[in-house]
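Inspection log for the structure reproduced underneath, given as structure tokens.
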Amino acid sequence: MLLSWFTGFGAGLLFLHFLQKLLFPYFWDDLRFLLKVVRYGIKMEMYRLRGELVTVLDKFLSHARRQPQKAFIIYEGVVYTYEDVDKRSSRVARALLKHSSLKRGDVVALLMSNEPDFVHVWFGLAKLGCVVAFLNSNLRSNSLLHCVRTCEPTAVVVGGDLLGSIEEILPSLPKHVSVWGMKDSVPQGVVSLKEKLSLVSDEPVPPSYHVTSSLKSTCLYIFTSGTTGLPKAAVISQLQVLKGSVGLWAFGCTADDIVYVTLPLYHSSGALLGIGGCVELGATCVLKKKFSASQFWDDCKKYNVTVFQYIGELCRYLCKQPQREGEKDHRVRLAVGNGMNSEVWRQFLDRFGNIKMCEFYGATEGNIIFMNHTGKIGSVGRTNFFYKLFFVFELIKYDFQKDEPLRNEQGWCYCVKKGEPGLLISRVNMKNPFFGYTGSYRHTQSKLLLDVFRKGDVYFNTGDLMVQDHENFLYFWDRVGDTFRWKGENVATTEVADVIGRLDFIQEANVYGVPVPGYEGKAGMTSIILKPNKPFDLQKIYDQVSSSLPAYACPRFLRIQDKMETTGTFKLKKLQLVEDGFNPLKISDPLYFMDNLKKSYVPLTKEIYNQIMLEELKL
Ligand SMILES: *[C@@H]1O[C@H](CO)[C@@H](O)[C@H](O)[C@H]1NC(C)=O
Ligand SMILES: *[C@@H]1O[C@H](CO)[C@@H](O)[C@H](O)[C@H]1NC(C)=O
């Protein structure tokens with residue numbers, strides 16, 4: 001009797017087990033991940049209940065007390081311990097306190113490449129309770145000026161190697177903005193912060209300067225392209241910094257990990273996930289000024305790197321490197337990032353060994369994040385019943401002709417079927433707030449969709465098209481709107497069109513991205529209508545774009561059209577142009593190619609076209 005009961009019970013369990021495997025194959029993965037998230041949520045909630053607000057700076061300071069001698073940053077072979085970074089950032093705070101009238105809440109723009117001083121200045125300013133605005137270090141002239149103006153800073157701190165960029169715009173900066181350079185000798189109008197640092201003490205700054213009253217208070221501005229117009233400064237709260245910095249932990253990193261960061265720190269993934277992530281764990285960060293495919297694995301071996309951060313391009317470049325001996329001979333066990341295409345993903349694992357690739361999806365200013373906690377190649381993550389409890393998101397039908405979400409007769413949007421690409425939108429509410437952008441409310445509003453499924457509901461428009469498959473895995477499809485991605489950066493088409501349109505022989509410039517084999521994202525292309533009776537000058541276009549735009553934003557191709565399409569909308573026209581691409585055999589209009597060796601645009605011949613298609617010519 002008892003025996004049969006037991007076997008019955010056993011068989012039942014076995015049956016349940018198989019049923020679960022069959023119907024919910026990812027149940028345990030999903031649940032494990034959920035528990036992790038919940039555990040973190042509870043921790044945060046406990047802090048809140050105890051009235052303790054713990055920011056990323058507080059976490060850093062507590063590591064600096066508990067493990068002062070542990071390496072925090074390793075840069076060009078030099079080790080900066082937690083104590084070193086703490087002391088130098090205190091110097092930055094004290095120097096600015098002594099020589100300026102900076103106070104809590106003031107905005108300070110930071111224009112610096114990846115180097116330890118980026119972190120010193122960032123943390124130093126955080127110790128004073130200032131809001132730090134990260135500027136893209138590739139920006140020049142008008143684009144840089146636009147970004148500085150957008151965040152209305154009291155001061156700008158500039159890295160030693162970027163003083164040239166600030167010098168160009170110095171006369172146009174508002175008078176009350178003080179400019180500080182991290183170099184001993186600085187141009188006129190700039191104060192040397194480096195010199196001042198050696199003259200102040202490295203004693204801690206009293207916590208009263210930086211204690212926050214709310215995790216919703218603004219901590220950083222990080223520039224993003226949004227979906228339209230010029231770059232915008234997304235308002236990043238303390239809470240978002242905390243959320244961003246738990247990424248490494250959520251993917252299973254620990255304090256013993258050595259994290260290789262080659263991505264620019266002015267983007268949220270480098271700063272929040274990378275540096276913030278190391279602070280959260282108390283781990284070590286190997287910081288690189290600029291990603292180098294040829295030095296990548298040597299660095300990993302030299303510093304015993306265990307984790308690295310990637311974007312799709314980075315892994316593609318690594319795969320394109322010539323084969324070497326012992327490519328699997330390293331300690332890297334995990335990589336965290338986004339934008340990896342499944343073909344590159346497979347190639348990468350084949351060649352460099354069994355590295356856990358952790359794809360995630362999340363916009364800087366967004367209120368939603370996906371992680372591939374189950375590890376399906378190519379997918380950015382998976383949604384499930386649990387996840388839906390926390391984040392309400394939908395994929396809605398998109399009208400590519402009009403470039404806006406499709407609405408039915410009653411004016412409501414509708415969801416796509418599984419397997420179809422749809423625009424990812426996520427519900428904005430108390431639990432998932434959207435902090436918006438600085439400046440005009442119009443910018444913030446333009447990212448929100450109202451009255452989506454019913455009157456009064458509000459959704460954040462990510463501007464990304466995604467596909468959800470039958471197992472609820474999500475895949476990135478494309479970006480919509482007036483931006484495209486190239487070399488890991490977002491290019492705002494209106495900004496490029498503005499720069500070209502300033503030339504006196506251009507009547508109209510229409511900028512878009514075209515796919516090129518062997519590359520992630522889209523290469524910039526501009527179709528131009530010339531003014532009659534003005535001399536057309538390719539050299540001038542080259543000089544104009546290369547002096548005003550960062551390299552990644554310069555159009556690789558030009559197309560000269562003699563008339564505008566008279567039918568359809570402006571957007572319709574773009575769609576057709578993108579479809580046409582840059583094939584000289586198909587397009588009868590004159591086409592040109594940006595030749596960086598000749599430093600000019602040259603006619604796009606059949607030979608050049610073939611070389612590009614065969615991936616022999618680098619863009
Ligand atoms: C890397 O690990 C090896 C073996 O554990 C050790 O001898 C070496 O000192 C480590 N290198 C660094 C830079 O920490
Ligand atoms: C993400 O996917 C990879 C498979 O390529 C897997 O190895 C990894 O475990 C996944 N991430 C997490 C957090 O499990």
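All residue numbers refer to positions in the sequence shown, counting from 1. First listed ligand is number 1; within each ligand, the first listed atom is number 1.
With salt bridges taken as basic N to acidic carboxylate O contacts below 4.0 Å, one links K127 and D86. Taking a cutoff of 4.0 Å between a charged side-chain nitrogen and a carboxylate oxygen, R324 and D298 qualify as a salt bridge. Under a 4.0 Å N-O distance rule, the pair R88/D202 does not qualify as a salt bridge.
Ring centroid separation for the pair F118 and Y266 does not come in under the 6.0 Å cut-off. In this structure, Y75 has its ring center at least 6.0 angstrom away from the ring center of Y80.
Residues of the protein with a heavy atom under 4.0 Å from ligand 1 are K302, N304, R331, listed by chain and number.
Remark: R485 pairs with no residue by the salt bridge (charged side-chain N to carboxylate O under 4.0 Å, His left out) rule, at least two apart or across chains.
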